[in-house]
Number of protein chains: 2
Amino acid sequence: MAELTLEDIAKQVGVSRSTVSRVVNGSPNVSPEVRLQVEEAIRVTGFHPNAAARSLASQRTRVIGLVLPRSVSSFFTDPFFPQLTQGIAVGCNANDLSLSLFLVTNKEDEDKIMPRISRSGMLDGILVQSGRADDPLMDRLTNSRIPCVVLGRPFNHDCFNYIDVDNVKAAYTATKHLIDLGYKRIATITGSHGSTVTLDRIEGYVNALTEAEYIINPSLIAKGEFSETSGYEAMKSLLPHKPDAVFIASDLMASGAIRALQDSGLHVPEDIALVGFDDIPLAALTKIQLTTVRQPIPQIGTKAVELLIDLIENNTQPPRNFILDTELIVRDSCGANLHQKV
Amino acid sequence: MAELTLEDIAKQVGVSRSTVSRVVNGSPNVSPEVRLQVEEAIRVTGFHPNAAARSLASQRTRVIGLVLPRSVSSFFTDPFFPQLTQGIAVGCNANDLSLSLFLVTNKEDEDKIMPRISRSGMLDGILVQSGRADDPLMDRLTNSRIPCVVLGRPFNHDCFNYIDVDNVKAAYTATKHLIDLGYKRIATITGSHGSTVTLDRIEGYVNALTEAEYIINPSLIAKGEFSETSGYEAMKSLLPHKPDAVFIASDLMASGAIRALQDSGLHVPEDIALVGFDDIPLAALTKIQLTTVRQPIPQIGTKAVELLIDLIENNTQPPRNFILDTELIVRDSCGANLHQKV
DNA sequence: AGCATTCTTGGGAGCGCTCTCAATCTGTAA
DNA sequence: TTACAGATTGAGAGCGCTCCCAAGAATGCT
């Protein structure tokens, strides 16, 4: 059975291809009776318009891409990404869009994928996860003229539309919380080097300390890279410098840090207080429930889709951005509840 | 700047559209000099053929879909899925395919997504994660004639091409391992009710016990649903029945189970031995390293893509399946190392 | 009734590509 | 020289849709 076409339906009902097309696309200029007949025929036959032909004729595909650059290696380990993807999927489903996933795992992939992205007639727009400053993908993207929304603040942020949370403020709030609880040697475990997320969270941490007239001690700043293991290693490297509290740039790293502390026979929050970032489900499930900064992760995805749609439809200029709110979730790991109890 | 077409390149070089098309598609029937000239022009202009036009003319899109049915709710929490997705992405990249992601989160999504999947000219084929037996998606898929490979054994397995691991054998091996270590009251925490994965793993568990002439005790079989929390709950519900070992159908649930045991002041493996399933990175990172059944997760994805490509190109009949090997990774949680040391 | 206006409909020209078929050109053998 | 096989090329007909335009039907107004 060959695939049905508009023409087939038209013949069946006894109208023209154009009329069927109008019905399919919800044009108002069709008489009610004819519309009903055509709709019935479509229902009975199970006709679906051919997407390729539609795209070719209308120059629109109703497909958007989600690009995860090579420099975003935590995709496979950090629960952040599945949640983000879910938010994006919800946005796509709500708007009758399809989502194309481009996972760049190495240089060759990148060379293969770029043409597929920029190849006209493939994608109406793309969502790109912000990675490292030196990621060559961003440059290549700027050169292609496809509508694009960046997830997380990109480096040259006036060239791109983007969605982000206020990482500086969030990190400030988290650190301030530790200061207010009376901790004196507050360390931080950062995210991957070279990303804006990481820089912003460090900035917030530094701001809070500076405001409280603490001295910024470089040996209390340990570099992680958003993985559990890196959190473990970073915490280990921090221990000789005797921090009494640590602000950690992701919950996944925080769980690594907790493991390191357990291995060293230290207790959270009695010996060292912790604050994480993200509020992934795990945060509420660990033995010591994690105080953390909640990001509205799925909403970031959904909002990004909406911004992209607006961009595609109205080609708005200049680039805009949306900053979503975060919220400090106080649980046990920061010692706030401990202090109350005492 | 309007998008370039074959015709533009042809005009530039002074040949016909057909010749340029031949070069683009690597046809051998082009003289070396002309080929070089055309290639040069393509390089200089950065021309990319329009995907929609190609699809329309050739009836091939070079896009495959990954469908995650509503009944697969663990997508957002279980690290299994990002790893699987990575394997699929690698397979796609290697074969110049694009991957379209369809996350079904509710009934409305399903109704919206099905037409997008079956709509001709959109997808060359699809990969579907096997979910519950009563998932209506599978029926709808059987009716659509799009090439399809199922990830995990589907219920009516002679209707579908599928990739799976031998869950029965793997669960048997894991349980047998516990039997061999001398445990007497071996419990199990199962996966979500109604999926083949779950049934198969229970079957392997039962087989091993039966073979060893153990009595199958229903109160030692606790129902989980692949989430951390469900592992926690299931373990709690198991405790009154005093198991001395538990075979758990996923590592994520195992980490929930460990948490439950810690909360109850019990030690792994001294008080209760555990064996998990999957070998996600977490398994080697917990304080008590998890003995588990390793699945070659990314390979499942890559292999599935290869099978799908073969299906698309050769329309092979009847449906085939590939069963990949698993491997028991012995670490600390089963007590094997403990016994050795003693 | 006569005319302007709006609604509804069909026809046609693409969108940019693939693919078949026929035309041309080259070189070789008779 | 003529004929013919094989390589190379171009022309043309779609693929199934959208969208513009014009024709015809229906309505409203004076």
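Atoms considered below: every heavy atom in the structure, side chains included; atoms not considered: hydrogens, waters and symmetry mates. Lettering follows sequence order; numbering is per chain, from 1.
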Using atom CG of B:L6 as one end and atom C1' of C:dC19 as the other, report the distance to the nearest whole Å.
-> 13 Å
With a 4.0 Å cut-off (strictly under) to non-hydrogen atoms of chain A, the first and last hit nts on DNA chain D, 5' to 3', are D:dG16 to D:dC20
With no hydrogens and no angle check, is any side-chain donor or acceptor of B:N25 less than 3.5 Å from a backbone partner on B:S21?
-> yes
Indicate yes or no: does B:D111 engage B:R140 in a salt bridge with an N to O separation below 4.0 Å.
-> yes
Please list every donor-acceptor pair under 3.5 Å in which a side-chain atom of residues 74-89 of chain A meets a protein atom from a residue at least two apart or in another chain.
| unit_1 | atom_1 | unit_2 | atom_2 | d |
| --- | --- | --- | --- | --- |
| A:T77 | OG1 | A:S74 | O | 3.3 |
| A:D78 | OD1 | A:F80 | N | 3.0 |
| A:T85 | OG1 | A:F81 | O | 2.7 |

If you measure from the Lys or Arg side-chain nitrogens to the Asp or Glu carboxylate oxygens, is any gap between A:E40 and A:R43 under 4.0 Å?
-> yes
Would you kindly compare B:S16 and B:S58 by the position of their nearest DNA chain D nucleotide and give the one closer to the 5′ end?
-> B:S16
Whole-Å distance between C:dC17 P and B:R60 CZ?
-> 19 Å
What is the distance, rounded to the nearest whole Å, between atom CD of A:E7 and atom C1' of C:dG10?
-> 11 Å
Across the strands shown, which category fits B:N29 at heavy-atom distances under 4.0 angstrom: base, sugar-phosphate, nothing?
-> base
Taking only the side-chain nitrogens and oxygens of B:S21, find out if one of them lies under 4.0 Å from OP1 or OP2 of C:dT18.
-> yes
Quick one: label A:V15 by what it contacts on the DNA or RNA (base, sugar-phosphate, nothing), any heavy atom closer than 4.0 Å.
-> sugar-phosphate
Minimum-distance nucleotide to A:R17 side chain [options: C:dG14, C:dA13, C:dC17] = C:dA13
Sorted by position of nearest nucleotide on DNA chain C, 5' first, the leading residue of B:P49 and B:R22 is B:P49
Sort out for me which residue in B:V150, B:I64, B:V67, B:I163 forms a side-chain contact (heavy atoms from CB on, under 4.5 Å) with B:L127.
-> B:I64
Start at the 5' end of DNA chain D and walk down; is the nucleotide closest to B:A53 or to B:G14 reached first?
-> B:G14
Rounded to the nearest Å, what distance is computed from the CG atom of residue B:D8 to the C1' atom of nucleotide C:dC17?
-> 13 Å
Would you say the side chain of B:Q12 lies within less than 4.5 Å of the side chain of B:T45, judging by non-hydrogen atoms?
-> yes
Heavy atoms under 4.0 Å, any strand shown: does B:S18 hit a base, just sugar-phosphate, or nothing?
-> base
With side chains defined as the heavy atoms from C-beta onward, is the minimum distance between B:L307 and B:R320 less than 4.5 Å?
-> yes
Using a cut-off of 4.0 Å on non-hydrogen atoms, how would the nucleic acid contact of A:T19 be classed: base, sugar-phosphate, or nothing?
-> sugar-phosphate
